[in-house]
Amino acid sequence: MEIKYQLVKEKKAKPDPSTLGFGRIFTDHMFMMDYTPDKGWHDARIVPFGPLSIHPACTALHYGSEIFEGLKAYRRADGKVQLFRPTENIRRMNNSAERLCLPQIPEDLALEILLAFVRTEEDWTPSAPGTSLYLRPFMFGNDENLGVHSVHHATFLIIASPVGSYYKEGINPVKIMIEDQDVRAVRGGTGYAKCGGNYAASNRAGARAEEKGYSQVLWLDGVERKYIEEVGAMNVMFKIGGEIVTPMLSGSILPGVTRKSCIEILKKEGYKVSERLLSVDELAAAMKDGTLEEAWGCGTAAVVSPIGELCYKNVKYTVNGGKIGEVTQHLYDTLTGIQWGKIADPFGWTLPVDVD
Ligand SMILES: *Cc1c(COP(=O)(O)O)cnc(C)c1O
């Protein structure tokens with residue numbers, strides 16, 4: 001597909017890398033294309049970054065038909081820019097699209113678009129340690145009427161934001177509250193899809209946890225409120241009695257690329273990794289008898305986020321003395337090493353963006 005380029009005359013000044021934060025600054029351009037039943041995907045274009053004009057009856061605004069992805073472009077020490085497992089994100093986006101009755105994008109086309117866009121914005125990929133260019137592909141239903149039906153018109157965009165190091169003062173273990181009232185997702189629902197609605201439903205519990213001094217909630221399953229699912233907007237892993245345990249992908253859990261990568265690294269190194277049901281009672285017992293050795297969240301933004309304290313029904317448990325554990329640190333070093341090209345990539349996970 002031909003991509004039309006309408007480039008800015010004057011590029012914005014690049015920000016000071018120490019002030020980046022997350023998702024506040026955007027690059028010069030954005031990618032856009034439209035879908036209609038008669039033309040399919042069409043009008044692929046890279047245009048100046050700016051506001052969209054949306055019909056007030058737009059489907060996404062009323063019925064929440066929106067999906068998104070999140071991945072990063074990393075600048076290596078040799079100056080080249082690379083992506084990490086982008087095809088995983090593309091496949092997941094198409095699974096999300098299928099669930100929300102949005103049109104899918106052929107894998108080859110999606111990758112071609114992503115690469116063309118990253119090449120255009122390549123100079124926005126910062127080089128300071130821990131910084132990267134966060135890429136946010138997203139799609140929304142864009143029918144211009146209030147009828148409730150599956151989506152016929154859709155719009156797909158990619159925007160990009162240079163982001164800072166997630167850990168400015170070293171990796172600090174976080175305090176997590178186990179949520180026993182609100183649920184994030186149920187089997188048969190949209191938990192496995194990366195859609196905005198899941199986040200909207202999560203906000204209340206997150207806000208309540210924050211009020212009490214916790215940074216995230218640990219979600220339990222939506223049916224029995226018994227099994228561990230995710231932590232905030234990250235997947236979660238535990239080391240219990242030497243075994244790595246992570247909730248299995250039951251349909252209500254988002255299949256994270258970082259989760260998958262952690263599992264593959266650990267298995268390759270000979271760890272016993274179990275994807276299975278893990279009840280909050282089993283976890284509480286492991287916290288009480290001291291067999292819970294480590295706990296961490298994993299996702300693209302933070303890579304891994306060690307959990308130093310868990311609170312369940314007002315009882316507080318400290319994990320690994322509130323310090324980052326050995327496996328958690330090892331995963332962080334390995335993943336970030338591969339992503340920024342500091343260590344060899346034996347898995348073939350990285351894809352150079354190839355700018356000359
Ligand atoms: C995006 C996301 C994750 C992490 O996925 P990654 O591909 O590792 O970034 C985990 N849980 C939820 C709910 C998410 O939206």
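Whatever order the structure lists them in is the order used to number ligands and atoms, beginning at 1.
- For the residue pair Glu98 / Asn94, no side-chain donor-acceptor distance below 3.5 Å is found, with atom types taken as modelled.
- Taking 4.0 Å as the cut-off between side-chain N and carboxylate O, Glu275 and Arg259 count as a salt-bridged pair.
- Of the listed options Ala233, Gly256, Ser261, Gly299, Ala233 places a heavy atom closest to atom 10 (C) of ligand 1.
- Among Arg259, Met234, Lys260, Lys194, the residue whose heavy atom sits closest to atom 2 (C) of ligand 1 is Lys194.
- Between Asp38 and Thr36, the side chains place a donor N or O and an acceptor N or O closer than 3.5 Å (distance only, hydrogens not considered).
- Using a 4.0 Å cut-off between heavy atoms, Thr258 contacts ligand 1 through both its backbone and its side chain.
- In the vicinity of Tyr199, heavy-atom distances shorter than 4.0 Å reach the ligand 1 atoms 14 (C), 15 (O).
- The cationic atom of Lys239 (NZ for Lys, CZ for Arg) does not lie both less than 6.0 Å from the six-membered ring centre of Tyr271 and within 45° of the ring axis.
- The closest approach between Arg184 and ligand 1 falls below 4.0 Å for a heavy atom of the residue.
- Residues Asp221 and Arg187 are paired through a salt bridge, judged by an N-O separation under 4.0 Å between the basic side chain and the carboxylate.
- Scanning all protein heavy atoms for the shortest distance to atom 11 (N) of ligand 1 gives Glu230 OE1, 2.5 Å.
- No N or O atom of Asn89 sits closer than 3.5 Å to an N or O atom of ligand 1.
- With respect to atom 9 (O) of ligand 1, the closest heavy atom belonging to the protein is Thr300 OG1, 2.6 Å.
- The one candidate from Tyr199, Phe156, Tyr134 that meets the ring pair (Phe, Tyr, Trp, His ring centres under 6.0 Å) condition with Phe68 is Tyr199.
- Using modelled atom types and a 3.5 Å distance limit, the side chains of Arg76 and Gln82 yield a donor-acceptor pair.
- For a threshold of 3.5 Å applied to N or O pairs, the pair formed by Val257 and ligand 1 contains at least one separation below that value.
- Heavy-atom distances between Arg92 and ligand 1 reach below 4.0 Å in at least one pair.
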